[in-house]
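Throughout, a chain's letter reflects where its sequence line sits, starting with A, and its residues are numbered from 1.
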Amino acid sequence: MADPAVASGASLNLGARVGGSKAATSPAENYHLARRRTLQVVVSALLTECGFESAEKAAVETLTEMMQSYISEIGRCAKAYCEHTARSVPTLSDAVVTLIEMGFNVDTLPVYAKRSQRMVITAPPVTNAPVTPKALSAGQKRTHPSHIPSHFPDFPDPHTYIKTPTFREPVSDYQVVREKAATQRRDVERALTRFMAKTGETQSLFKDDITAFPLIAAQPITIPYLSALLPSELELQTLEETDSSEQDDQTDSENATGNLITDDPGADKENSLLPSGAVVPSAKASEDNVIDNPYLRPVKKPKVRRKK
Amino acid sequence: MNRKKDKGFESPRPFKLTHQVVCINNINFQRKSVIGFVELTIFPTVVNLNRIKLNSKQCRIYRVRVNDLEAPFIYNDPTLEVCHHESKQRNLNYFSSAYTAAVSAVDPDAGHGELVIKVPSELWKQGDDLKVFNVYIEFSLDQPKGGLHFVVPDVEGSMAERGAHVFSFGYQNSTRFWFPCVDSYSELCTWKLEFTVDASMVAVSCGDLVETIYTHDMRKKTFHYVLPIPTAAPNISLAVGPFEILVDPYMHEVTHFCLPQLLPLLKHTMSYLHEIFEFYEEILTCRYPYACFKTVFVDEAYVQVSSFASMSIFSTNLLHSPLIIDQTPVTRRCLAQALAQQFFGCFISRMSWADEWVLKGISGYIYGLYLKKTFGVNEYRHWIKEELDKIVEYELKMGGVLLHPTFSAGKEKDNPTPHLHFSVKHPHTLSWEYYKMFQCKAHLVMRLIENRISMEFMLQVFNKLLSLASTASSQKYQSHMWSQMLLSTHAFLKSISNVSGKDIGPLIKQWVDQSAVVKFFGSFAFNRKRNVLELEIRQDYTSSGTQKYVGPIKVTVQELDGSFNHSLQIEENSLKHDIPCHSKSRRNKKKKIPLMNGEEVDMDLSAMDADSPLLWIRIDPDMSILRKVEFEQADFMWQYQLRFERDVVAQEEAISALEKFPTPASRLALTDILEQDQCFYKVRMQACFCLSKIANDMMSTWQGPPAMKSLFTRMFCCKSCPNIVKTNNFISFQSYFLQKTMPVAMALLRDVQNLCPRDVLNFILDLIKYNDNRKNKFADNYYRADLIAALTNSLTPAISINNEVRTLDNLNADVRLILEEITRFLNMEKLLPSYRNTITVSCLSAIRELQKNGHIPSDPSLFKSYAEYGHFVDVRIAALEAIVDFTRVERSSAELQWLLNMVQNDPTHYVRHKILGMLCKNPPFTKAADSPLCNEALVDHLWKLMNSGTSLDWRLRCETVNLYYTLFGLTRPSCLPLPELGLVLNLKEKKAVLNPSTIKPELGVGAVIDTPASIGIHGVGMSYSAVDEEPDPISLGVCGVGQPPQGMKRKAETPLGSPPEPGQVLQQQEEDVRGGRFKIRFNTMEEEDIDMETVHDSQAFIHHHLNLLERPSTPGKEPPLVEQSMLSMPATPVPSFAKESTSSSSRHGGGEHGHHHHHHHHEHKKKKKKHKHKHKHKHKHDSKDKDKEKDRDRDNSHAYSNSSASGRSLRSPSMSD
């Protein structure tokens, strides 16, 4: 069996890197693949060292996988140990403890490393380590105060915990704002209507060029009055906003009548829509016992005598 | 005077209706059908009541029982087809008189009806003790075209989920369209109404909802209504649908109903109804007469507002959310109108059609009082002026509107309104436009009465009328008292004289008994020496629609020293009036000038004439005469009047007068008034348009920015950047309306090239661009729609180079911008529809304007797609308006055809009616002009439409008549070939020759009585042969009582006694065609007898007539004469043949039944019914002499087949009693 501890020196690095490249995007993937290829070469070298002349691809692949897992595990554990001791970068002792923990006899390692028949593998081509996108730096980072050792992590960006200073003056010129709002709205509307016109049926005002001034075709709808009478949700929103802003003088009167209004329709609807044995909900009835409206009364069941 | 005599109410009927049950068991939305029965409780007022005439149209009647005995009946409706189809008559005079006769023939106010029920002999023989009759009628309606309107949206789901609903509608008394009744406003009775509807629906009807009970299968429920207050049938209504219910939070006995999903709108819309209630109850010092009130909002409503006993039906389009400004006052007005009619119109009904004006007048008047209270005096006076201008314009154009037409019995020649192309004798013959003006005039006259007797007395009179009525209504079992609830002109005037002690006779005579308005021309001169104002008031009383006024007139003169009222007397020959002035020209320059209202103001008097102390003069400032005043005074006087007179009417008059004075001073006066926010907003709006008009007239001398631009900028734009409008804030309605109006008026400005100035166009485009409604409490859809209207107004005709086809390439750059906006708006509306789609409406008219001005190709297809059923009604109307305009401009017969087809087939009555209205307003051609559109096919189409195509909607028919009048005038349309008078005779001879040959084979068939088609055909032959045998009907008629044919001949004689109506084309032929006339009369008479026991329904009736019409050889080619004689009928006393039908029926007992069953085979294709009637027939006639009957059958049926659908046949039975 090939000794799994090949190039353990490198493995530390590797492990750390593997751990670091978790958020693999496509450049990171390339990087990852390159590493794996190197690992494969290593496995093959070890196999040759052990006297194999050839190996099945699947076997090599399995061994590579095992090796990778082993190394990864070492890296993970080492990192865990280091973090356990409140550090951010693993040290040699971390790696040693890890190896011991995993049941590896560390003493054999120097001998193995110095064996004579070992093959030297060329260093893997330098691939660009994936660039972790730099966090948007805003403002001046604060330096550590004197009582904090310098190896402690830096302070995060001030905007994340203090405030966000803006650097450019907002456009406060009324004219420009209005202009911008108007243009923006117009552009949106135009784009939207163009899109609708392109995707649906259109009517045209010109016979020679039906694409100019496309009009969304008029489609009859089954209940035209609904859309024509009901305010759109947008309008309702503004209504609510404006209402809440100037409710001060209205609240009293509206509350007084509001109760009645909201109660009735519920009762009515139930009354008129209940399929059978409709009874006005007793809670409601007691609430509005003031209102005696024939349309709110329960529907009577047929009398038997009516049969003839 | 006719009026003075009719003290009490005399029923035209030989019975009194006391109670009616209407029960509708089944309403099928899928098939749009209704099944039910009615039960009328009647008390005969004569002994031997043997016929009961009821009104019923379009109902299929299955059986009639009187006191549980099967009763025979006939159903004949002459209004279904007014004139004989084969007639080549095409002049409107002829049609109108025929139509009037047809309507009279079934007029319930004259005791007539379409449905004549023969009281079973068992009952009338013992009828001397005047006992109660219960008339029970089973009926059904299938796809009704009038009376009831079904709205069934074509979507998935149950009927309730689809929002399907049905409601009753009609113009005037139209209840007969949906159940048999006495369809008169003067026949009151109590009601029990039962409607069984799907459990998911609500049935709303008149009266109190007593209980709601499930049917046994629990899938339906029955609504039981009781209306204890005596009510006329036309005031009964029904609405069924899956309505959402809202109990009024202020008045729990008031319930509101709307279609699903609209509840939030309903809540808002109804939130002020209680105020209207309170107002009316307070001024009338009378409680609302019914125990409850219901409002129902329905889709596709016939009219915006219709009032019935204790309920009103409104168009759902009146509902609005709190975001909407413009609709709010409109809806409030509609509610107020509906409620006013509850008191006067529903609770208090009219005695006869001639008294209609009182009810319309009072309800309109108290509605006006409501306007005054709610919207202010300015609004009220503005409204009065508007109404006055409307009525004056209409009367001057069309001739007078007569409020109280009197028809001296019998003399048809006494047409009180000969200038009109329709008769004012019946509500159903009136043009809609006329009726609207009638209502308008009625309330204005009420106001005149108020001016005369004071409002206090006026309200006392109303209160008195109401308390009388409510006393009468509580007399549950004394139906003779109920006539107190009917209001007549006489009773009203009597009440006025009792309460006020004033004689308003002259006023009534002038405005009520007489049509037309007064037209004054005024001018003046100031006589400095005498210090006298010499006022000259002339009248034009010769042109149409004018009358002479004699009496007092008020003149207000504003002088330097104050305002003075003078009452002048207008007399026969005095034109000049000297009015002494109070002030001696200008003495104290610095002195403030007192106004009419006591206010004292500073005026810059430099503009006025130094010699004259007169600032301005007003004639009849209180509008206490129905008049038009054209007054001449100097421009500075108008300007002073505009600036300083506080009355809005005076200000508006001044503005319209200033249009003729395009001077810088006028400009200044108008601009000042525009800026003055104290001033009534409608005046300011009017000033905008006047300003743009005079700016155009002053084009060469105009200085500064375009009119109103700087004003608008100052009022509505940002201080810092004047080209950008402020974000919308419509909290002040006055400025909102001004902001809406100004751009529209500005766009009317023109520069030297007669184009809209670039400045203005850019300005409007900027308004659109910067429009920002995000912070606004209200919707801006009306504002945006007006901005589009402004763009439309800015359009001018394209410069066209030799009529090239309009293409995109030669589109003007400005127009391109406009088009861009319109396209965007129109497309956005599809995604975010605005309230009532106002923006689409505006865009459509803009596109039409672009087309008309030649900027884009003229093409109706876009409009046609928007005019389709399924768009919001406002959009459809706008699109149709564009098509109407297109039809006129392009003279397109295809489009005209398309429009007329829509008139015939559109599901929405309102749209059908509107199309005709628009065609009348913007006619494709008129009688004066030659047009390729005017051809025989069009004449025939329209004729057919008014003759039979619109028979189930009075209003539509009258509108069609109106259109026919607009297009062709009263006489025969010029595009038709001249009527070949000789030909008629020839044809007749030909027929006489032809007929015998057809008789024989047909007679053979005739023996097989079941063959429906044969009846009509052999009928032709038989009637002729009958005539041949009895050439002298007059002499024969004298002796014949027992024999039906002879009796009929006798009737034929009566028309001879009365001269035919003059002015008919065929009059000169009278001698020649007399024979024909006999035949016809003979036939019509027989028809009645035959039909007596026949089951007819409207469909069958039409079917039958269509059969007749397809036959060219029918001898009814002289219908004009028939119609003439019909006209003269009511006048002619005909006692001699009175016994005829009675005697014949008594002789045969129930025996005449034998002849009728082939009729209903003829009519009804339904086998089931056939069996039923056969059965009935057998059962009744077992003991009768069959042979004899058969003979008679044949005679009768023959005659029946070529009878005219004239009213005369129906009139006669009444005389036989």
Side-chain angles (χ1 to χ4, degrees), chain A residues 174-175 178-179 181-182 186 189-190 192-193 196-197 203 205-209 212-218 220-232 234-235 238-239 242 257 260-261 264-265 268-269 271-273 275-276 290-297 299-303 307, chain B residues 153-155 163 199-200 202 208-209 211-216 218 221 244-247 249 252 255 261-263 265 267 299 316-317 319 321 323 718 720-721 724 769-770 772 774 777 779 807-808 819 823-824 826-828 830-833 835-837 856-857 862 865-866 868-872:
Chain A
Y174 186 75
Q175 185 169 356
R178 288 291 301 275
E179 175 76 45
R186 171 171 301 219
E189 284 183 4
R190 190 172 300 157
L192 183 61
T193 52
M196 293 301 290
Q203 288 165 318
L205 297 172
F206 290 91
K207 289 192 185 87
D208 54 332
D209 185 356
F213 306 110
L215 297 173
I216 302 173
I221 38 178
T222 42
I223 308 187
Y225 60 84
L226 282 183
S227 68
L229 298 180
L230 288 171
S232 68
L234 200 74
E235 286 174 311
T238 50
L239 180 68
T242 45
T257 63
L260 289 177
I261 294 173
D264 299 339
D268 303 339
K269 231 184 272 174
N271 189 15
S272 59
L273 293 179
S276 63
V290 204
I291 300 180
D292 178 34
N293 185 292
Y295 294 93
L296 302 183
R297 282 178 210 145
V299 180
K300 290 181 188 165
K301 290 197 177 152
K303 289 165 197 160
K307 277 185 190 164
Chain B
D154 187 17
V155 271
S200 56
V202 186
D208 309 319
L209 177 63
E211 55 183 359
T212 318
I213 304 178
Y214 277 112
T215 52
H216 287 286
M218 302 295 272
K221 36 188 192 182
E244 306 215 28
I245 303 170
L246 171 71
V247 176
H252 294 163
T255 322
Q261 300 181 50
L262 298 178
L263 192 61
L265 303 187
K267 269 182 205 163
D299 189 25
T316 194
N317 303 333
L319 294 175
S321 71
L323 293 167
C718 306
S720 58
C721 32
I724 296 181
K769 181 177 168 189
Y770 293 117
D772 184 348
R774 280 173 301 182
K777 201 181 160 187
T807 58
L808 192 56
L819 200 49
T823 313
R824 194 169 49 84
L826 196 53
N827 284 339
M828 273 311 286
K830 298 281 187 320
L831 308 172
L832 282 175
Y835 179 72
R836 292 193 78 152
N837 295 348
I856 60 175
L862 177 77
S865 69
Y866 279 96
E868 252 175 73
Y869 181 69
H871 289 280
F872 187 66

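Within the 4.5 angstrom heavy-atom criterion, atoms from both the backbone and the side chain of A:Leu215 approach chain B. Only the side chain of B:Lys830 has a heavy atom closer than 4.5 Å to any heavy atom of chain A. At a 4.5 Å heavy-atom cutoff, the contact between B:Ser321 and chain A is made by side-chain atoms alone. Of the atoms belonging to B:Leu831, it is side-chain heavy atoms, and not backbone ones, that fall under 4.5 Å from chain A. Heavy atoms of A:Ala217 lying under 4.5 Å from chain B belong exclusively to its backbone. For B:Leu819, the parts sitting under 4.5 Å from any heavy atom of chain A are the backbone and the side chain alike.
Remark: B:Glu211 pairs with A:Lys300 by the salt bridge (Lys or Arg N to Asp or Glu O under 4.0 Å) rule, at least two apart or across chains.
Between the side chain of B:Asn837 and the main chain of A:Ala228, no donor-acceptor pair closer than 3.5 Å is present.
Heavy atoms only, all atoms of each residue included: B:Ile213 and A:Pro302 are closest at CG2-CA, 3.7 Å. Of all heavy-atom pairs spanning B:His871 and A:Pro224, the tightest one is C-CB, 3.6 Å. Residues B:Thr823 and A:Pro214 share a closest heavy-atom pair of CG2-O, 3.3 Å.
Ranked by heavy-atom pairs shorter than 4.5 Å toward chain B, the options A:Met196, A:Gln203, A:Glu189 are led by A:Glu189.
Interatomic distance, A:Ile223 CD1 to B:Asp299 CG, rounded to the nearest 0.5 Å: 8.5 Å.
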Candidate pair A:Tyr295 and B:Val247, rule side chain to side chain contact (heavy atoms under 4.5 Å, CB included), full reasoning: CA-CA 9 Å; A:Tyr295 294 93; B:Val247 176; 5.9 Å; no
Start with the C-alpha gap between B:Cys721 and A:Glu179, add the side-chain angles, then the distance that decides, and say whether side chain to side chain contact (heavy atoms under 4.5 Å, CB included) holds. CA-CA 11 Å; B:Cys721 32; A:Glu179 175 76 45; over 6 Å; no
Report the C-alpha separation of B:Gln261 and A:Leu226 in whole Å, then their side-chain angles, then the decisive distance to 0.1 Å, and conclude whether the side chain to side chain contact (heavy atoms under 4.5 Å, CB included) test is met. CA-CA 8 Å; B:Gln261 300 181 50; A:Leu226 282 183; 3.5 Å; yes
